[in-house]
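All figures in this text were calculated on a predicted structure; none of them were measured in a lab. This chain uses plain numbering: 1 for the first residue, then up along the sequence.
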Amino acid sequence: MKNIKKMYAGIILGLSLTIPIGSVIVNAQPLSIASQNTSYNASTHADVSEDNSDYILNIGSVSKVYVTTAVMQLVDQGKVELDAPVTDYIPDFKLADERYKDITVRMLMNHTSGLMGSQYSGLFLLGEKSEEYHDAFLKNLESEQLKADPGAFNCYCNDGFTLLEIIVERVSGMTFTEYMEENICKPLSISNTGSVWNMDMDRQAPIYVNGNVKLEPEYGLAIGAGGIASTAVDVSTFGSAFFTGNNVLLSEESKKEMAENNKTGDSAENFGLGWDEVEKEDYKSAGVTVLSKGGDTDYQHASLVVAPDVEISVAVLSSDGGSGINEKMALALMDEALKEQGINIDHPEEEKPELLSEVPEEFLKYEGLYANTSLTLSISFPDKKYMRIVSVTSDKDFEEQFMYTAEDTFVKMSGDVTSGNAIVDQPVQSYSFEEKDGQIYLMDSYGGYSLYKVSEEKVDSKVQSAWDARNGVTYYLVSGPSSEISYAINNHFKLRTSEDAPGFVNGYRMQDENHAGVDYVMPGTVSRDISDLRMEEEDGKEFLCLDDYGLKCISEKNIPLFTDDVKNVELKSDEATWYKLDGAKNETLKLDIPDNASVYVYDKYMNIKYSSKMVGYGDSVPLPEYGMIVFVGETGSTVSITR
């Protein structure tokens, strides 16, 4: 296998610091690949060791295969039944929707539970571990509805795997970390796999913002859903436990159960139990079964691909990049390993679409408003020459153009079709229309749902006016602990309405002056994470609440200016204090920040410029002329400011 060792001696995954780490197991023998750090932007990356194989990284949702394995071990022992209700093992699990009683263990594993998606508050913390996410999880679920009947269709769901984590704990009498260490790590003789509760997180591959500014380590608190940390060698060794004939962790029956295609209803995904995909067409055509799982946290990424029958396991982990890129690397390594066994995988190039200059008359009936869970947009066919998609209620305005093809599809174009200066966008993005049960959908090339055609319904003028008053208003996160990772990324939410989409705010249907909900839930990952919108007023301030995410945000209209007379900021738990920066040119603050508190500074584009979660941040903070500053902490604490 010497050719595999040569591959990817230096991998470029991003424009700043990137640390890709790969490992291949073939016939139970590890062949480790540790790449050099490389970057297009050599002036901004930090120095790291050329051999970075000792780093541990968050493997994100690859963790789901581990917790599924743990439950399947309990199935092998006769302690858990896959098709038994979850309530058999977690009696205090309940929702505000009686259908929850129909959710089975299997439905958690194959993403058919109908749960809303993900509780995000406290899910990932910077440099801090806390039991609060785990301990409050079941209580936080109690107010939730279901977005679909249990078993109706696949829709990727993190919360289902946190429930699996709790099942393992309730049945085994151990914490999930203890169970994993005893029943997965020890049998495989792997010592670099665990969670924040038993790992030295100072070994984590560094994470950066602004090119070379290092943040404190990223701690995942939903262990079963996405909180395991490991090395590439350990992950690929774990993958080898699924080789045919390897019964170290699971029986052949349980491994086969996990590898069966659980595609349900109108879903496009080939989910197994825990696995993202159990059928990859190019490999299936060559008679090779490949199982795969990807994982992404905010800053780190992972891919595991396993060919059980030919005994190949490949893991690629990275800081920066993405799980999709990692999977491409992993599959390239898989192909090389297969060649060593005389198996050549043919990856046919996608045929160049034959573009047509006119859209058939029959498509004109598809013109109108479309939506998904995040936005509303308009589809039209100008002069029957092409398809035009324009944002109507979206955080950012956009227009996309698509040309009709001989395959009865529409492909995305780069450039302007009307001027004749447009080419097919790469990689090719192809879409088609489909009618089912009186509903019109825009489908992607994999048969997945992208958009549904909006039905016209009248909305009360008072309701419309209430939401129109919030059009263009940005709401800033105030909930969560001081180490909440969302303050470093994804910390605001803008509401958008339009006279062209009456009754809609973003992708939500207005229900009354203070509530909006998802109008229609489509099968598949497009409906992955859902939360209704709820507005509330408290002490004269307006808040946007996304209860199913566990997030609360304050209106920018209620955020004061950061004036010279602000000398102390008294903190309040779960209500961060925001200020607007306006004219703070060349001003520097000296901050006295107590324990369990954080401060973040952003420029006018909401790019983070300073955080007390930056390693070696010091107490002197230069302010941008325009932007925002937020103080986060616990009731009773105060940040003192010297100018």
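A 4.5 Å side-chain heavy-atom check between Asp529 and Tyr156 finds every atom pair outside the cut-off. Counting heavy atoms from C-beta outward, Leu291 and Thr289 have side chains that approach closer than 4.5 Å. Residues Ile56 and Met199 have side chains in contact (heavy-atom distance under 4.5 Å, counting atoms from C-beta outward). Using a 4.5 Å cut-off on side-chain heavy atoms (C-beta onward), Ile90 and Ile167 make contact. Side chains of Leu377 and Ser394 form no contact here, defined as non-hydrogen atoms less than 4.5 Å apart. Two residues are said to be in side-chain contact when any heavy atoms from C-beta on lie closer than 4.5 Å; Met443 and Ser450 fail this criterion. Side-chain contact between Asp298 and Asn490 is present, with heavy atoms from C-beta onward closer than 4.5 Å. For the pair Phe381 and Ile379, the minimum side-chain heavy-atom distance is below 4.5 Å.
A perpendicular orientation is assigned to the rings of Tyr100 and Phe93, their planes being inclined by more than 60° (bins at 30° and 60°). Note: Tyr452 and Tyr520 have tilted aromatic rings, judged against thresholds of 30 and 60 degrees for the angle between ring planes.
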Using the rule given for ring-ring contact (aromatic ring centres under 6.0 Å, His included), can you reason through Tyr404 versus Phe363, listing the C-alpha separation, both sets of side-chain angles and the distance that settles it, and then say yes or no? CA-CA 10 Å; Tyr404 183 62; Phe363 283 92; 5.3 Å; yes
Between Lys280 and Glu327, is a salt bridge (Lys or Arg N to Asp or Glu O under 4.0 Å) present by the stated rule, with each step listed? CA-CA 12 Å; Lys280 289 184 178 291; Glu327 182 172 302; 2.9 Å; yes
Apply salt bridge (Lys or Arg N to Asp or Glu O under 4.0 Å) to residues Lys284 and Glu281 and explain how you reach the verdict. CA-CA 5 Å; Lys284 184 179 178 181; Glu281 195 58 42; 5.0 Å; no
Evaluate the side-chain hydrogen bond (donor to acceptor under 3.5 Å, both in side chains) criterion for residues Thr373 and Ser527: first the C-alpha distance (whole Å), next the side-chain angles of each, then the deciding distance (0.1 Å), finally the verdict. CA-CA 6 Å; Thr373 55; Ser527 301; 5.6 Å; no
Could you walk me through whether Tyr431 and Phe410 pass the ring-ring contact (aromatic ring centres under 6.0 Å, His included) check? CA-CA 5 Å; Tyr431 297 89; Phe410 291 84; 9.5 Å; no
Run the numbers on Leu317 and Ile59 for side-chain contact (heavy atoms from CB on, under 4.5 Å), then give the verdict. CA-CA 7 Å; Leu317 315 185; Ile59 63 172; 4.0 Å; yes
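A side-chain donor-acceptor contact under 3.5 Å links Ser254 and Asp76. Asp335 and Tyr283 form a side-chain donor-acceptor contact under 3.5 Å, judged by distance and modelled atom types alone. Side-chain atoms of Thr104 and Asp83 form no donor-acceptor pair, as typed in the model, at a separation below 3.5 Å. No side-chain donor-acceptor contact under 3.5 Å links Asn154 and His111. Between the side chains of Glu218 and Asn58, a donor-acceptor pair is found at a separation under 3.5 Å. Neither side chain, Ser313 nor Ser240, offers a donor N or O lying under 3.5 Å from an acceptor on the other. Arg203 and Asn192 are linked by a side-chain donor-acceptor pair at a separation below 3.5 angstrom, with hydrogens and angles left out of the test. Residues Ser318 and Gln300 have side chains that never bring a donor and an acceptor to within less than 3.5 angstrom of each other. Side-chain contact of Ser230 with Thr193: a donor-acceptor pair under 3.5 Å is present, judged by distance alone. A donor atom on one side chain and an acceptor atom on the other are not found under 3.5 Å apart for Tyr441 and Tyr366. Side-chain contact of Asn158 with Ser118: a donor-acceptor pair under 3.5 Å is present, judged by distance alone. Side-chain atoms of His301 and Asp296 include a donor-acceptor pair closer than 3.5 Å. With no hydrogens or angles considered, a side-chain donor-acceptor pair links Thr405 and Glu407 at under 3.5 Å.
Panel note: side chain Ser267, backbone Thr264; a donor-acceptor pair is recorded below 3.5 Å. Between the side chain of Gln341 and the backbone N or O of Val310, at least one donor-acceptor pair lies under 3.5 Å. Ser323 places no side-chain N or O within donor-acceptor distance of the main-chain N or O of Gly294, the cut-off being under 3.5 Å.
Of all heavy-atom pairs between Ser236 and Ala315, the closest is N-CB, 3.7 Å. Across all non-hydrogen atoms, the minimal contact from Ala205 to Ser319 is CB-CB, 4.3 Å.
Between the CD atom in Glu144 and the CG atom in Asp159 there is a gap of 6.0 Å [rounded to 0.5 Å]. In this structure, OG1 in Thr162 is found 9.0 Å from CD1 in Ile223, a value given to the nearest 0.5 Å. Expressed to the nearest 0.5 Å, how far CD1 of Ile228 lies from OG of Ser195 amounts to 8.0 Å. We find the NZ-CZ distance between Lys147 and Arg528 to be 9.0 Å, quoted to the nearest 0.5 Å. The structure places CE of Met334 at 5.5 Å from CD1 of Ile312, a figure rounded to the nearest 0.5 Å. To the nearest 0.5 Å, atoms CG (Asn262) and CG (Asn270) are separated by 10.0 Å.
Lys365 has a carboxylate O that lies under 4.0 Å from a charged side-chain N of Glu435, or vice versa, which qualifies the two as a salt bridge. Using a 4.0 Å cut-off between charged nitrogen and carboxylate oxygen, Lys255 and Glu252 count as a salt-bridge pair. Under the 4.0 Å criterion applied to side-chain N and carboxylate O atoms, Arg388 and Glu399 are assigned as salt-bridge partners. Electrostatic pairing of Glu269 and Lys263 does not count as a salt bridge here, judged by no charged N lying under 4.0 Å from a carboxylate O. A salt bridge does not link Lys256 to Glu253: none of the charged nitrogens lies less than 4.0 Å from a carboxylate oxygen.
Screening residues 438-453 for salt bridge (charged side-chain N to carboxylate O under 4.0 Å, His left out) gives no qualifying pairs among residues at least two apart or on separate chains.
Evaluation of the salt bridge (charged side-chain N to carboxylate O under 4.0 Å, His left out) rule for Asp97 yields Arg99 as partners, not counting sequence neighbours. Checked against side-chain hydrogen bond (donor to acceptor under 3.5 Å, both in side chains), Tyr66 has no partners two or more places apart in sequence or in another chain.
The one candidate from Thr69, Val65, Thr68 that meets the side chain to side chain contact (heavy atoms under 4.5 Å, CB included) condition with Leu273 is Thr68. If you run side chain to side chain donor-acceptor pair (under 3.5 Å) between Tyr179 and each of Glu165, Glu169, Gln73, only Gln73 comes through.
Within 6.0 Å of NZ on Lys436 lie more than 12 heavy atoms contributed by other residues, nucleotides or ligands. Atom CD of Gln77 has more than 12 heavy atoms from other residues, nucleotides or ligands within 6.0 Å. When the shell of 6.0 Å around CD of Glu260 is examined, it contains more than 12 heavy atoms from other residues, nucleotides or ligands.
The cationic atom of Lys64 (NZ for Lys, CZ for Arg) lies less than 6.0 Å from the six-membered ring centre of Phe161 and within 45° of the ring axis.
For Phe124 and Tyr120, the distance between ring centers is not under 6.0 angstrom.
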